[in-house]
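We number each residue from 1, following the sequence as shown. Computed from a prediction, not measured in an experiment: that's the story for all the values here.
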Amino acid sequence: MKIVVIGATGTIGTAVVGLLGKMHEVVQVSRKGPVRVDLADPASIDALFTTVRDINAVVCCAASVALAPLDSDTDVAAGLQGKLLGQVHLVRQALNHLRDGGSITLTSGVFDRPMRGASFGALTNAGLEAFVRAAAIEMPRGLRVNVVSPGWVAETLDILGRDAADGTPAADVALAYAEAVEGSAQGRTLSPKRT
Ligand SMILES: NC(=O)c1ccc[n+]([C@@H]2O[C@H](COP(=O)([O-])OP(=O)(O)OC[C@H]3O[C@@H](n4cnc5c(N)ncnc54)[C@H](OP(=O)(O)O)[C@@H]3O)[C@@H](O)[C@H]2O)c1
């Protein structure tokens, strides 16, 4: 398969590229590098599909919603632009450009317990999962859409100076993306587990 991975240089994306790259042709995409997209810029998503053609699958593990307390003056709409609305726009563009039977895999996320500042991220993640579940029945040409919902990734906890044992190694998270791309899941939220 020819697979576009957006967020290819990130903690999760690097593991996804490493795994999928063993069996497939992977096009690595982020805001920097030879092939670029900014999820917060819909025009750049449109341009991606004119630059890269004959795609079987798109995997998106990019962009995040910054932690912001509910009573802060954060711009909620701007915060949702990349991860939520960007991934929704990505799906709508991919519908017109993926090869028959292709797939789109998005990324949401889950907080293991309520955390101050996490409400906009929770809104985004729940929105993405509901969107994927509902959008699945409108997929044309045998296309599939799914979302991977990681908890804390071990390598990220390590960077934050926290106990990596509380997280899922990125290599295990990558298995959920491979399942979404190579399997038959449709409209599902996949939850990676430590193997
Ligand atoms: N790591 C965790 O513990 C964890 C847990 C739950 C959910 N998640 C979710 O998983 C996803 C990936 O997380 P991560 O930890 O791998 O992130 P990361 O290490 O910060 O990497 C993010 C990747 O996405 C690219 N990127 C960032 N903003 C972008 C944008 N607006 N448009 C296009 N590319 C963009 C980055 O490259 P450039 O900067 O070059 O664009 C990089 O390749 C995020 O949605 C995150 O919320 C992560």
Any chance you could measure Asp38, atom CG, to Leu48, atom CG, to the nearest 0.5 Å? 12.0 Å
What's the spacing between Ser103 OG and Tyr177 OH if we round to 0.5 Å? 13.0 Å
Using side-chain heavy atoms (C-beta onward) and a distance below 4.5 Å, is Gln186 in contact with Arg144? yes
Run the numbers on Val35 and Gln28 for side chain to side chain contact (heavy atoms under 4.5 Å, CB included), then give the verdict. CA-CA 7 Å; Val35 186; Gln28 301 187 40; over 6 Å; no
Side chains of Leu190 and Asn146: does their closest heavy-atom pair fall under 4.5 Å? yes
Neighbour count above 12 (heavy atom, 6.0 Å) for Asp112 CG: yes
Using a 3.5 Å distance criterion without hydrogens, assess whether the side chain of Asp158 forms a donor-acceptor pair with backbone atoms of Ala154. no
Once rounded to the nearest 0.5 Å, what's the spacing between atom CD1 of Ile3 and atom NE2 of His24? 4.5 Å
Does any part of the side chain of Thr189, heavy atoms only, come nearer than 4.5 Å to the side chain of Val132, both counted from C-beta? no
Donor-acceptor check, side chain of Arg133 to backbone of Gly187, threshold 3.5 angstrom: yes or no? no
Under a 3.5 Å distance rule, please check whether Thr74 uses its side chain to pair with a backbone N or O of Val76 as donor and acceptor. no
In plain terms, say whether Arg188 and Glu179 are close enough for a salt bridge, that is, a side-chain N and a carboxylate O under 4.0 Å apart. yes
Flag, side chain of Asp100 to backbone of Arg141, donor-acceptor distance under 3.5 Å: no
Can you tell me how far CG of Leu98 sits from CZ of Arg53, rounded to the nearest 0.5 angstrom? 13.0 Å
Considering only heavy atoms from C-beta outward, does the side chain of Leu128 approach that of Leu84 to under 4.5 Å? yes
Within the 4.5 Å heavy-atom criterion, are Ile12 and Val16 side-chain neighbours or not? yes
Is the backbone of Ala170 close enough, under 3.5 Å, to the side chain of Glu155 for a donor and an acceptor to pair up by distance? yes
Before giving the answer on side chain to side chain contact (heavy atoms under 4.5 Å, CB included), spell out for Arg92 and Val88 the whole-Å C-alpha distance, their side-chain angles and the decisive distance to 0.1 Å. CA-CA 6 Å; Arg92 299 183 76 197; Val88 167; 4.3 Å; yes
Heavy-atom neighbours of Met23 CE exceed 12 at 6.0 Å: no
Note: Asp166-Arg194 ion pair, threshold 4.0 Å (strictly below): no
Rounded distance [0.5 Å steps], OG1 in Thr105 versus CD in Glu182: 10.5 Å
Is there a side-chain contact between Met139 and Leu95 (heavy atoms, below 4.5 Å)? yes
In Å and rounded to the nearest 0.5 Å, what is the CG to CG distance from Leu85 to Leu90? 12.5 Å
